[in-house]
Structures are given as structure tokens and as C-alpha cells.
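Below is one structure; the comments refer to it alone.
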Amino acid sequence: MPRKEIIYRDRDRYRMGVKKLRSLIEEQAPKAIKNTEFKALEGRIIAVDTSNNLYQFLTAIGTENGSSLMNSIGETTSHLQGTFYRTIKFMSNGIKPVFVFDGAPPTLKSGELAKRSAKKKEAKENLDEAKETGTTEDVAKFSKRTTSATRKQNEECIKLLTLMGIPVVRAPCEAEAQCAELVKGGKAWASGSEDMDSLAFGTKILLRNLTASDQKKNPLWEFDHEKLLYGTGFTHDQFIDLCILLGCDYCESIRGIGPVRAFELMQKHKSIEEVVKHLDPTKYPVPVPFPFDEAREPIQEPTCHPCR
DNA sequence: CGTGTCC
DNA sequence: TCCTCTGTCTCAAGACACG
DNA sequence: TGAGACCGAGGAT
């Protein structure tokens, strides 16, 4: 029991803010969100963030028995199947996709990397155990957690898209940042991503659940950056500060400050500097170190190919 | 719409 | 007492055609 | 990996 506590303590401390952001926007700037549909996107150029897509294909397509679809010599083809049909779906709806592939991940803290490899290891152990003693469902479930797209599979998808005449962009770093840059540079109308960080990167429009097959279960949402700022009264830089307070990759957040307090504090004080000045350090001590200023830079000016 | 199939 | 935040668990993750 | 549900601990009122 105590062993488990140690293992789980402080895990997922970073990158928690994104999920809070969705409900925060819904509450504070409801006009920035609207339910839309595929048909409404006809003629639009959309920068599609492909990170996670291959993972979804690999884990969702043909996995009744825990393995993927394969060609005659045993190579996995699920990622190609998924990429192909999704692209067809865009095209037949008159949508012009630009697929943006992830480059190297941004520099993470060593602690973060250690956590990830620990997770991977844990998943592997679970899988091995399931193979020994578990049901086939267990094996399928745990094998999904150990699955990840290989370099080769990424390249295969890029080749497929190129042959289909679909533009592909290789982001030097994070795909969402590159998508936002394409939109800001006028090359695309919207970002298609599941990641709310896209708004912090300044995309004008963010589309979520672009992959939805079932409109009822997974409605397609459109987030409008300008309306978001108008509704909340924030400048873009203030919005970025809010995102940092909610939790980001580059800097720890303040314990006890969640969505509600972070929003109120930013409304009142307009910057993290001022927020910190007005916090009672005995009740809400800031993390040491608390490099929030350094955390702004990779959000305001992320590494990506410039479009302007 | 649920269900099975895609390799 | 109420509100807010944290921690933990759990689950599901595509697209199509056919009936 | 992300999102919803549920819980207990504290500060807020």
C-alpha cells in the first residue's frame, strides 16, 4: 500500500492543465466554442496534427486478438489503412488537409523522461503477466499500452500521403505548434488537434474530434481563439500565463491553484508576477524553482518552420 | 442502429 | 458548511458496409 | 494519453 503511494506520487504533475482548459472556456467564454460538423468545413484547408493518430490506428484497427492488420509477410498495415481512409474521408467532404508530423519532442526534464520510461516498463510488466495468467482481453488491453508507432511506420504514412498528393509538413518539434504557425501564416484555416495547447500556440481556430466517426458520441468542436480572448478579456500573453498556471510541460504549477482560482487570480492581477505577489506564501507556496518566465518562451515562440 | 470485417 | 483541488481509478482510443 | 467519476483534505466563507 505505501509502496503504491510512492509510485504514484507526483506523477502527471505536469500537463494537467489542458483538460481543465476545456471546461474553463466553456464556462467563461462559451461563445468561443461551437458544435460543428464535417459538412461545414467544405473548402477549408486544415492543418492536421497527426501525433497520436498512428497510435490510434495501430490500437483500434483489427485488434480483436491483440494484433494489427498485416500484409502477406507479416508487416503491420493498420496505420496505412487508417491514414488512407481518413484522408479519403476529408477529400470526399471537400476538406483540404495538410498533415503535420511530429519532430523531436521538446526538451523535457529528466524527471519527466524517467516517469515515462517507468510507465512503459510497468505496462510491459502488465502485458507479460497477462500473457501468463490473464484473459485474451487483458492481453489486448495491455498490449495497447505498450504499442507505439515506429519511425518506419511514420515514414510509410508520409509516403502514402505524398503519393496521394496530400501536402505533408514535418514539424521540427511539436506538431501542434507547427499547425498553429500554418494558421497564423495564412496557409491553413484551422488546426485539427486533440490538444488544447494549440490555442496557447495561437491557432485562430482549433477543431477537436475531427476524427469522429460517430457524431453523437464524439461531436466535432470548433474553438475560436479571438472569441476566447474577447470572452475572457485576456490578451494572448495573459492567456498563456493562465495556461502556465493550469499546468504545462515547462514549469510546475502551484499546488492548490486549480482552474477556478487560476482564472480569478489572472482576471484580477493580469500576470503571473502579480499573482505570485498577492498569494499568501504560507498557504500557497510557489514551487522552487518556479521558472514561469522561461516557460513563456517556448509557448510564445515555439520551434517550428516559420510561415510568415 | 448494432455488428463484423478490413490484412 | 461549502467550494476547490488533488489523487486515484477506469476506460476507450478507426472507418466502412451490411442487414 | 485524455476524460469522466469519485473521493478526502483543506482553505474559503
Side-chain angles (χ1 to χ4, degrees), chain A residues 1 4-24 26-27 38 48-93 102 105 112 115-116 119-120 122-123 126 137-138 140-149 156-157 175-176 193-197 208-219 221 245-247 249 252-265 279-285:
Chain A
M1 183 58 169
K4 198 164 189 181
E5 266 180 33
I6 290 165
I7 291 173
Y8 283 102
R9 190 189 307 281
D10 282 353
R11 182 182 283 187
D12 299 327
R13 193 65 168 286
Y14 314 95
R15 204 167 184 83
M16 293 284 288
V18 187
K19 81 169 128 188
K20 301 170 188 167
L21 192 50
R22 165 69 213 274
S23 47
L24 194 56
E26 205 164 29
E27 200 128 303
F38 243 77
V48 180
D49 170 9
T50 66
S51 48
N52 282 338
N53 277 15
L54 297 200
Y55 175 79
Q56 289 174 332
F57 295 144
L58 290 170
T59 55
I61 303 179
T63 53
E64 304 87 22
N65 49 8
S67 65
S68 311
L69 303 186
M70 290 185 292
N71 65 12
S72 57
I73 57 172
E75 293 167 333
T76 296
T77 55
S78 295
H79 56 302
L80 295 170
Q81 177 107 354
T83 300
F84 181 75
Y85 278 116
R86 184 170 292 175
T87 306
I88 297 291
K89 189 182 167 190
F90 284 137
M91 292 170 82
S92 57
N93 279 279
D102 260 321
E112 187 73 1
K115 281 178 204 165
R116 288 195 184 176
K119 260 187 188 174
K120 259 254 150 60
E122 192 184 318
N126 283 333
E137 287 87 27
D138 286 338
K141 189 167 117 187
F142 288 122
S143 64
K144 285 178 184 181
R145 294 186 198 163
T146 54
T147 300
S148 57
E156 286 170 350
C157 288
E176 323 98 79
S193 175
E194 301 315 305
D195 196 335
M196 295 296 288
D197 280 351
R208 280 189 106 187
N209 283 340
L210 202 51
T211 69
S213 53
D214 185 349
Q215 277 292 55
K216 293 248 160 58
K217 197 175 139 212
N218 282 321
W221 294 105
L245 285 178
L246 292 176
D249 280 342
E252 219 171 317
S253 51
I254 303 168
R255 190 184 183 83
I257 304 297
V260 175
R261 287 176 194 142
F263 184 84
E264 286 171 0
L265 289 165
L279 276 179
D280 182 345
T282 60
K283 285 169 189 158
Y284 300 103

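Keep in mind that the numbers below use all heavy atoms, side chains included, and drop hydrogens, waters and symmetry copies. Only a predicted model underlies this, so the values are computations on that prediction, with no experimental measurement involved. By convention in this document, chain letters (A, B, ...) are assigned in the order of the sequence lines, proteins followed by strands, and residues within each chain are numbered from 1.
- Counting heavy atoms from C-beta outward, A:Phe57 and A:Arg86 have side chains that approach closer than 4.5 Å.
- Side-chain N/O atoms of A:Tyr85 include none lying less than 4.0 angstrom from OP1 or OP2 on B:dT5.
- Straight-line distance from the CG atom of A:Leu245 to the C1' atom of C:dT4: 16 Å, rounded to whole Å.
- Put simply, the side chain of A:Arg261 reaches to within 4.5 Å of the side chain of A:Ile257, judged on heavy atoms.
- In this structure, the CG atom of A:Asn53 is 13 Å from the C1' atom of C:dA15, given to the nearest Å.
- Rounding to the nearest 0.5 Å gives a distance of 13.5 Å between NZ of A:Lys20 and CE of A:Met196.
- Each of C:dC5, D:dG2, B:dC7 was ranked by its minimum atom distance to the side chain of A:Val260; first place goes to C:dC5.
- Spacing between atom CZ of A:Phe263 and atom P of C:dC3 amounts to 19 Å, rounded to whole angstrom units.
- With a 6.0 Å radius and a threshold of 12 heavy atoms from other residues, nucleotides or ligands, A:Tyr85 has its OH atom at or below the threshold.
- Using Watson-Crick or G-U wobble geometry with both donor-acceptor distances under 3.5 Å, C:dT6 finds no partner in any strand shown.
- Look at A:Arg22 and you won't find any side-chain N or O under 4.0 angstrom from OP1 or OP2 of D:dG4.
- Contacts of A:Tyr55 with the nucleic acid, taken as non-hydrogen atoms under 4.0 Å apart, include base atoms.
- Counting heavy atoms from C-beta outward, A:Thr146 and A:Phe142 have side chains that stay 4.5 Å or more apart.
- One can place CE of A:Met196 at 13 Å from C1' of D:dA3, the figure rounded to the nearest angstrom.
- At whole-Å resolution of the value, CH2 in A:Trp221 and C1' in D:dG2 are 17 Å apart.
- Taking atom C1' on both C:dC11 and B:dC6, the two are 24 Å apart, rounded to the nearest angstrom.
- Annotation: D:dA3 and C:dA15 have their C1' atoms spaced 23 Å apart (nearest Å).
- Taking atom CZ of residue A:Arg208 and atom C1' of nucleotide C:dA13, one finds them 14 Å apart after rounding to whole Å.
- The side chain of A:Tyr284 lies closest to D:dA12, out of B:dC6, D:dA12, C:dA15.
- Distance from the side chain of A:Arg86 is smallest to C:dA15 among D:dA12, C:dA15, B:dC7.
- For A:Arg255, taking side-chain heavy atoms from C-beta onward, the closest of the listed nucleotides C:dC5, D:dG11, C:dT6 is C:dT6.
- Among the heavy atoms of the strands, none lies under 4.0 Å from A:Gly82.
- The side chain of A:Arg145 contributes no N or O atom lying less than 4.0 Å from OP1 or OP2 of C:dT10.
- Atom name P, nucleotides D:dA12 and C:dT6: the rounded distance is 13 Å, in whole Å.
- Dashed line: the shortest gap from a side-chain N or O of A:Arg261 to OP1 or OP2 of C:dT4 is not under 4.0 Å.
- The side chain of A:Pro259 approaches C:dC5 more closely than any other nucleotide in the set C:dA15, B:dC6, C:dC5.
- In this structure, A:Glu75 places its CD atom where more than 12 heavy-atom neighbours from other residues, nucleotides or ligands lie under 6.0 Å away.
- In this structure, the CD atom of A:Gln56 is 12 Å from the C1' atom of C:dA15, given to the nearest Å.
- Under 4.0 angstrom from either OP1 or OP2 of C:dA13 there lies no side-chain N or O belonging to A:Thr59.
- Listed nucleotides: C:dT6, D:dG2, C:dA13. Nearest to the side chain of A:Lys20: C:dT6.
- Distance CG (A:Asn218) to P (C:dA15): 10 Å, rounded to an integer number of Å.
- Nucleotides D:dG8 and C:dT10 have their P atoms positioned 16 Å apart, rounded to a whole Å.
- Residues A:Asn53 and A:Thr83 fail the side-chain proximity criterion, which asks for heavy atoms closer than 4.5 Å.
- Annotation: C:dG14 and D:dG4 have their P atoms spaced 15 Å apart (nearest Å).
- Atom C1' of D:dT1 sits at a distance of 26 Å from the matching atom of C:dC16, rounded to the whole Å.
- With both ends at atom P, the span from C:dA12 to B:dT3 equals 14 Å, rounded to whole Å.
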